[in-house]
Chemist: 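This structure is in C-alpha coordinates; I'll ask about it shortly.
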Amino acid sequence: MAGEFSLKSNSELSFYGNKKILPRSFYRRDTVTVARELLGHYLVHQSPDGLTAGRIVETEAYLQGDPACHASRGMTPRNRVMFGPQGYAYVYFIYGMYYCFNVVTRDEGVGEAVLIRALEPAAGIALMKSRRRREKINELCSGPARLVQAMGITREHNGADLTREPLFICHGGTMPAGIVTTTRIGIRAGSELPLRFYLRESAFVSKKEHKSHGKK
DNA sequence: AAGAAGATTCCG
DNA sequence: GGAATCTTCTTT
(Lines give C-alpha, C1' and ligand atoms only; values in the text may rest on other atoms or scores of the structure.)
Protein backbone atom coordinates (compact mmCIF):
# COMPACT_ATOMS: atom_id res chain seq x y z
CA MET A 1 0.00 0.00 0.00
CA ALA A 2 1.23 3.47 -0.80
CA GLY A 3 1.22 5.91 2.06
CA GLU A 4 -0.23 9.34 2.31
CA PHE A 5 1.80 11.93 0.46
CA SER A 6 3.12 15.08 2.04
CA LEU A 7 1.22 18.33 1.89
CA LYS A 8 3.22 21.35 0.94
CA SER A 9 0.83 24.27 1.24
CA ASN A 10 -2.60 25.23 2.47
CA SER A 11 -3.95 25.37 -1.07
CA GLU A 12 -2.82 21.81 -1.65
CA LEU A 13 -4.41 20.81 1.64
CA SER A 14 -7.74 22.27 0.60
CA PHE A 15 -7.65 20.25 -2.59
CA TYR A 16 -6.31 16.95 -1.33
CA GLY A 17 -7.96 16.50 2.01
CA ASN A 18 -6.53 13.11 2.91
CA LYS A 19 -6.76 11.40 -0.45
CA LYS A 20 -4.45 8.44 -0.93
CA ILE A 21 -2.14 7.60 -3.80
CA LEU A 22 -3.36 4.54 -5.67
CA PRO A 23 -1.13 1.56 -4.77
CA ARG A 24 0.87 -0.29 -7.37
CA SER A 25 -1.46 -3.28 -7.05
CA PHE A 26 -4.21 -1.15 -8.63
CA TYR A 27 -2.36 -1.28 -11.94
CA ARG A 28 -1.50 -4.96 -11.93
CA ARG A 29 -4.98 -6.08 -12.97
CA ASP A 30 -6.28 -6.53 -16.49
CA THR A 31 -6.00 -3.40 -18.58
CA VAL A 32 -9.69 -2.91 -19.37
CA THR A 33 -10.52 -3.02 -15.65
CA VAL A 34 -7.81 -0.47 -14.90
CA ALA A 35 -9.01 1.78 -17.73
CA ARG A 36 -12.56 1.76 -16.37
CA GLU A 37 -11.57 2.16 -12.74
CA LEU A 38 -9.21 5.05 -13.36
CA LEU A 39 -12.29 7.15 -14.14
CA GLY A 40 -13.05 9.45 -11.22
CA HIS A 41 -9.54 9.37 -9.75
CA TYR A 42 -7.15 12.33 -9.85
CA LEU A 43 -3.94 12.83 -11.78
CA VAL A 44 -1.69 15.20 -9.80
CA HIS A 45 1.58 16.87 -10.70
CA GLN A 46 3.66 18.88 -8.27
CA SER A 47 5.95 20.73 -10.66
CA PRO A 48 8.47 23.48 -9.89
CA ASP A 49 5.94 25.93 -11.35
CA GLY A 50 3.15 24.76 -9.07
CA LEU A 51 0.53 22.12 -8.49
CA THR A 52 -1.98 20.97 -11.09
CA ALA A 53 -4.56 18.20 -10.77
CA GLY A 54 -7.49 16.86 -12.75
CA ARG A 55 -10.21 14.27 -12.40
CA ILE A 56 -9.83 11.50 -14.98
CA VAL A 57 -12.97 11.42 -17.16
CA GLU A 58 -11.85 9.58 -20.33
CA THR A 59 -9.47 6.65 -20.96
CA GLU A 60 -8.56 4.08 -23.61
CA ALA A 61 -7.11 0.59 -23.16
CA TYR A 62 -4.28 -0.68 -25.39
CA LEU A 63 -3.74 -4.43 -25.28
CA GLN A 64 -1.00 -6.74 -26.41
CA GLY A 65 -2.08 -8.39 -29.65
CA ASP A 66 -4.24 -5.37 -30.46
CA PRO A 67 -2.83 -3.89 -33.70
CA ALA A 68 -3.34 -0.32 -32.47
CA CYS A 69 -1.10 -0.92 -29.46
CA HIS A 70 2.47 0.30 -29.74
CA ALA A 71 3.61 -2.93 -28.11
CA SER A 72 1.80 -5.22 -30.55
CA ARG A 73 4.93 -5.85 -32.62
CA GLY A 74 7.31 -6.40 -29.77
CA MET A 75 9.59 -4.21 -27.71
CA THR A 76 11.38 -1.23 -29.27
CA PRO A 77 13.30 1.65 -27.69
CA ARG A 78 10.17 3.76 -27.71
CA ASN A 79 7.75 1.35 -26.08
CA ARG A 80 10.04 -0.47 -23.65
CA VAL A 81 8.35 1.11 -20.60
CA MET A 82 5.11 -0.63 -21.57
CA PHE A 83 6.83 -3.96 -21.00
CA GLY A 84 8.12 -2.97 -17.59
CA PRO A 85 6.31 -3.24 -14.27
CA GLN A 86 2.90 -1.63 -13.69
CA GLY A 87 2.25 1.81 -12.24
CA TYR A 88 4.74 3.75 -14.37
CA ALA A 89 4.18 6.47 -16.98
CA TYR A 90 4.57 5.78 -20.70
CA VAL A 91 4.95 9.15 -22.49
CA TYR A 92 5.45 9.22 -26.25
CA PHE A 93 5.87 11.86 -28.94
CA ILE A 94 3.36 11.98 -31.80
CA TYR A 95 2.61 14.00 -34.95
CA GLY A 96 5.85 15.93 -34.69
CA MET A 97 4.56 18.19 -31.92
CA TYR A 98 2.52 16.46 -29.23
CA TYR A 99 2.95 14.06 -26.35
CA CYS A 100 0.51 11.53 -24.92
CA PHE A 101 0.45 10.12 -21.39
CA ASN A 102 -0.28 6.49 -20.51
CA VAL A 103 -0.35 4.36 -17.39
CA VAL A 104 1.43 1.00 -17.68
CA THR A 105 -0.62 -1.98 -16.50
CA ARG A 106 -0.08 -5.69 -15.80
CA ASP A 107 3.12 -7.50 -14.95
CA GLU A 108 6.58 -6.97 -16.32
CA GLY A 109 6.87 -8.59 -19.74
CA VAL A 110 3.32 -7.69 -20.81
CA GLY A 111 3.10 -4.60 -23.04
CA GLU A 112 -0.21 -2.98 -22.15
CA ALA A 113 -1.25 0.49 -21.01
CA VAL A 114 -4.11 2.95 -20.52
CA LEU A 115 -4.11 6.23 -22.44
CA ILE A 116 -5.48 9.14 -20.40
CA ARG A 117 -7.57 11.16 -22.86
CA ALA A 118 -9.25 13.82 -20.75
CA LEU A 119 -9.31 15.41 -17.30
CA GLU A 120 -11.69 17.75 -15.54
CA PRO A 121 -9.40 20.49 -14.22
CA ALA A 122 -9.43 20.43 -10.42
CA ALA A 123 -6.43 22.41 -9.14
CA GLY A 124 -3.88 24.82 -10.55
CA ILE A 125 -6.24 26.09 -13.22
CA ALA A 126 -4.41 29.39 -13.61
CA LEU A 127 -1.20 27.48 -14.30
CA MET A 128 -3.00 25.25 -16.79
CA LYS A 129 -4.29 28.32 -18.64
CA SER A 130 -0.81 29.74 -18.77
CA ARG A 131 0.74 26.52 -20.12
CA ARG A 132 -2.03 26.03 -22.66
CA ARG A 133 -2.42 29.67 -23.64
CA ARG A 134 -6.12 29.12 -23.57
CA GLU A 135 -8.72 30.61 -21.24
CA LYS A 136 -11.68 28.28 -21.70
CA ILE A 137 -11.78 25.61 -18.99
CA ASN A 138 -12.98 22.91 -21.36
CA GLU A 139 -10.02 23.47 -23.69
CA LEU A 140 -7.42 22.87 -20.99
CA CYS A 141 -7.44 19.08 -20.52
CA SER A 142 -10.02 17.69 -22.98
CA GLY A 143 -7.71 15.71 -25.26
CA PRO A 144 -4.64 13.55 -24.65
CA ALA A 145 -2.07 16.05 -25.89
CA ARG A 146 -3.88 18.95 -24.28
CA LEU A 147 -3.82 17.48 -20.80
CA VAL A 148 -0.13 16.64 -21.12
CA GLN A 149 0.56 20.29 -21.86
CA ALA A 150 -1.74 21.61 -19.13
CA MET A 151 -0.23 19.28 -16.50
CA GLY A 152 3.35 20.12 -17.40
CA ILE A 153 4.15 16.53 -18.36
CA THR A 154 7.20 16.12 -20.63
CA ARG A 155 9.23 13.36 -22.22
CA GLU A 156 11.27 13.38 -19.02
CA HIS A 157 8.31 11.72 -17.31
CA ASN A 158 8.56 8.62 -19.49
CA GLY A 159 9.14 5.83 -16.99
CA ALA A 160 8.15 7.93 -13.97
CA ASP A 161 6.76 6.07 -10.96
CA LEU A 162 3.10 7.06 -10.56
CA THR A 163 2.91 5.87 -6.96
CA ARG A 164 5.25 8.64 -5.79
CA GLU A 165 5.64 12.37 -6.00
CA PRO A 166 5.83 14.48 -7.97
CA LEU A 167 3.55 12.83 -10.57
CA PHE A 168 0.93 10.43 -9.26
CA ILE A 169 -2.71 9.35 -9.26
CA CYS A 170 -4.76 9.58 -6.08
CA HIS A 171 -8.09 8.20 -5.00
CA GLY A 172 -11.14 10.19 -6.10
CA GLY A 173 -13.24 9.37 -3.07
CA THR A 174 -16.41 8.17 -4.76
CA MET A 175 -17.13 5.50 -7.32
CA PRO A 176 -18.55 7.28 -10.38
CA ALA A 177 -21.70 6.00 -12.08
CA GLY A 178 -22.49 6.12 -15.78
CA ILE A 179 -19.51 4.85 -17.74
CA VAL A 180 -19.97 4.96 -21.53
CA THR A 181 -18.05 2.48 -23.71
CA THR A 182 -17.13 3.32 -27.33
CA THR A 183 -14.51 2.57 -29.94
CA ARG A 184 -11.20 4.40 -29.70
CA ILE A 185 -10.36 7.68 -31.39
CA GLY A 186 -7.76 8.40 -34.04
CA ILE A 187 -6.61 4.87 -34.85
CA ARG A 188 -6.91 2.66 -37.92
CA ALA A 189 -6.31 -0.99 -37.10
CA GLY A 190 -8.28 -2.09 -34.09
CA SER A 191 -10.85 0.64 -34.58
CA GLU A 192 -13.71 -1.80 -34.03
CA LEU A 193 -12.76 -2.64 -30.47
CA PRO A 194 -14.82 -1.20 -27.57
CA LEU A 195 -11.87 0.05 -25.54
CA ARG A 196 -12.66 3.70 -24.86
CA PHE A 197 -14.39 4.68 -21.62
CA TYR A 198 -15.71 7.97 -20.36
CA LEU A 199 -18.00 9.42 -17.70
CA ARG A 200 -21.39 10.10 -19.19
CA GLU A 201 -22.10 13.23 -17.19
CA SER A 202 -18.72 14.86 -17.79
CA ALA A 203 -18.52 18.04 -19.86
CA PHE A 204 -14.75 17.56 -20.20
CA VAL A 205 -14.59 14.51 -22.47
CA SER A 206 -12.61 15.09 -25.69
CA LYS A 207 -15.38 13.90 -28.00
CA LYS A 208 -18.79 12.60 -27.10
CA GLU A 209 -19.84 11.91 -30.66
CA HIS A 210 -18.23 8.60 -31.41
CA LYS A 211 -19.50 5.16 -32.24
CA SER A 212 -20.99 3.96 -29.02
CA HIS A 213 -20.63 0.27 -28.30
CA GLY A 214 -23.43 -1.62 -26.67
CA LYS A 215 -23.88 -0.91 -22.99
CA LYS A 216 -24.45 2.66 -22.10
C1' DA B 1 19.31 5.52 -46.85
C1' DA B 2 14.73 6.76 -47.70
C1' DG B 3 9.80 6.76 -46.96
C1' DA B 4 5.44 6.42 -44.73
C1' DA B 5 2.45 6.70 -40.87
C1' DG B 6 1.16 8.37 -36.65
C1' DA B 7 -3.27 6.82 -29.70
C1' DT B 8 -3.52 15.25 -32.29
C1' DT B 9 -4.54 19.96 -32.40
C1' DC B 10 -5.52 24.23 -34.37
C1' DC B 11 -6.73 27.27 -37.98
C1' DG B 12 -8.92 28.69 -42.26
C1' DG C 1 -11.00 20.14 -44.61
C1' DG C 2 -5.93 20.39 -44.18
C1' DA C 3 -1.54 21.91 -42.53
C1' DA C 4 1.90 21.66 -39.00
C1' DT C 5 6.04 18.95 -37.82
C1' DC C 6 9.39 15.14 -36.62
C1' DT C 7 10.20 10.74 -34.39
C1' DT C 8 9.96 5.94 -34.97
C1' DC C 9 9.74 1.97 -37.41
C1' DT C 10 9.67 -0.52 -41.81
C1' DT C 11 11.31 -1.27 -46.18
C1' DT C 12 14.90 -0.85 -49.85
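Within every chain, numbering begins at 1; the chains are lettered A, B, ... in the order of the sequence lines, protein sequences first and strands thereafter.
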Chemist: Pairs counted only when both distances fall under 3.5 Å, Watson-Crick or G-U: show me the 5' to 3' dot-bracket for DNA chain C, [ ] for pseudoknotted crossings and | for other-strand partners.
Modeler: ||||.||||||.

Chemist: Test of understanding: with side-chain hydrogen bond (donor to acceptor under 3.5 Å, both in side chains), list the residues that count as partners of A:Y62, not counting sequence neighbours.
Modeler: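 If we apply the side-chain hydrogen bond (donor to acceptor under 3.5 Å, both in side chains) test to A:Y62, skipping adjacent residues, the hits are A:E60.
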
Chemist: Partners of A:E156 by salt bridge (Lys or Arg N to Asp or Glu O under 4.0 Å), sequence neighbours excluded?
Modeler: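 None.
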
Chemist: Does A:R131 have any salt bridge (Lys or Arg N to Asp or Glu O under 4.0 Å) partners at least two apart in sequence or in another chain, and if so, which?
Modeler: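 Salt bridge (Lys or Arg N to Asp or Glu O under 4.0 Å) list for A:R131, sorted by chain: empty.
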
Chemist: Hey, where on DNA chain C does chain A first and last touch, going 5' to 3'? Cut-off is any atom under 4.0 Å from a heavy atom.
Modeler: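 Using the under 4.0 Å cut-off, the span is C:dA4 to C:dT10.
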
Chemist: What string of B, S and - do you get for nucleotides 6-12 of chain B, 5' to 3', if B is base contact, S is sugar-phosphate-only contact and - is no contact with any protein heavy atom under 4.0 Å?
Modeler: BBBBSS-

Chemist: Return the set of residues passing ring pair (Phe, Tyr, Trp, His ring centres under 6.0 Å) with A:F83 (not counting sequence neighbours), or none when no residue passes.
Modeler: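 Partners of A:F83 by the ring pair (Phe, Tyr, Trp, His ring centres under 6.0 Å) criterion come out as none, since no residue qualifies.
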
Chemist: Suppose we screen for side-chain contact (heavy atoms from CB on, under 4.5 Å). Which residues come up paired with A:A35, at least two apart in sequence or across chains?
Modeler: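 If we apply the side-chain contact (heavy atoms from CB on, under 4.5 Å) test to A:A35, skipping adjacent residues, the hits are A:T59, A:A61, A:V114, A:F197.
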
Chemist: Who pairs with A:R134 by salt bridge (Lys or Arg N to Asp or Glu O under 4.0 Å), at least two apart in sequence or on another chain?
Modeler: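 A:R134 satisfies salt bridge (Lys or Arg N to Asp or Glu O under 4.0 Å) with A:E139 only.
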
Chemist: Tell me, please, which residues at least two apart from A:F93 pass ring pair (Phe, Tyr, Trp, His ring centres under 6.0 Å).
Modeler: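 If we apply the ring pair (Phe, Tyr, Trp, His ring centres under 6.0 Å) test to A:F93, skipping adjacent residues, the hits are A:Y99.
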
Chemist: For A:D107, is there an ion pair with A:R29 - N to carboxylate O distance below 4.0 angstrom?
Modeler: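 A salt bridge is absent here (no side-chain N lies under 4.0 Å from a carboxylate O).
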
Chemist: What residues form a side-chain contact (heavy atoms from CB on, under 4.5 Å) with A:V205, not counting sequence neighbours?
Modeler: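 Expected list: A:V57, A:E58, A:R196, A:Y198, A:S202, A:K208.
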
Chemist: Please list, chain by chain and in numerical order, all residues satisfying salt bridge (Lys or Arg N to Asp or Glu O under 4.0 Å) with A:R164, sequence neighbours excluded.
Modeler: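 Per chain and number, A:R164 pairs via salt bridge (Lys or Arg N to Asp or Glu O under 4.0 Å) with no residue.
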
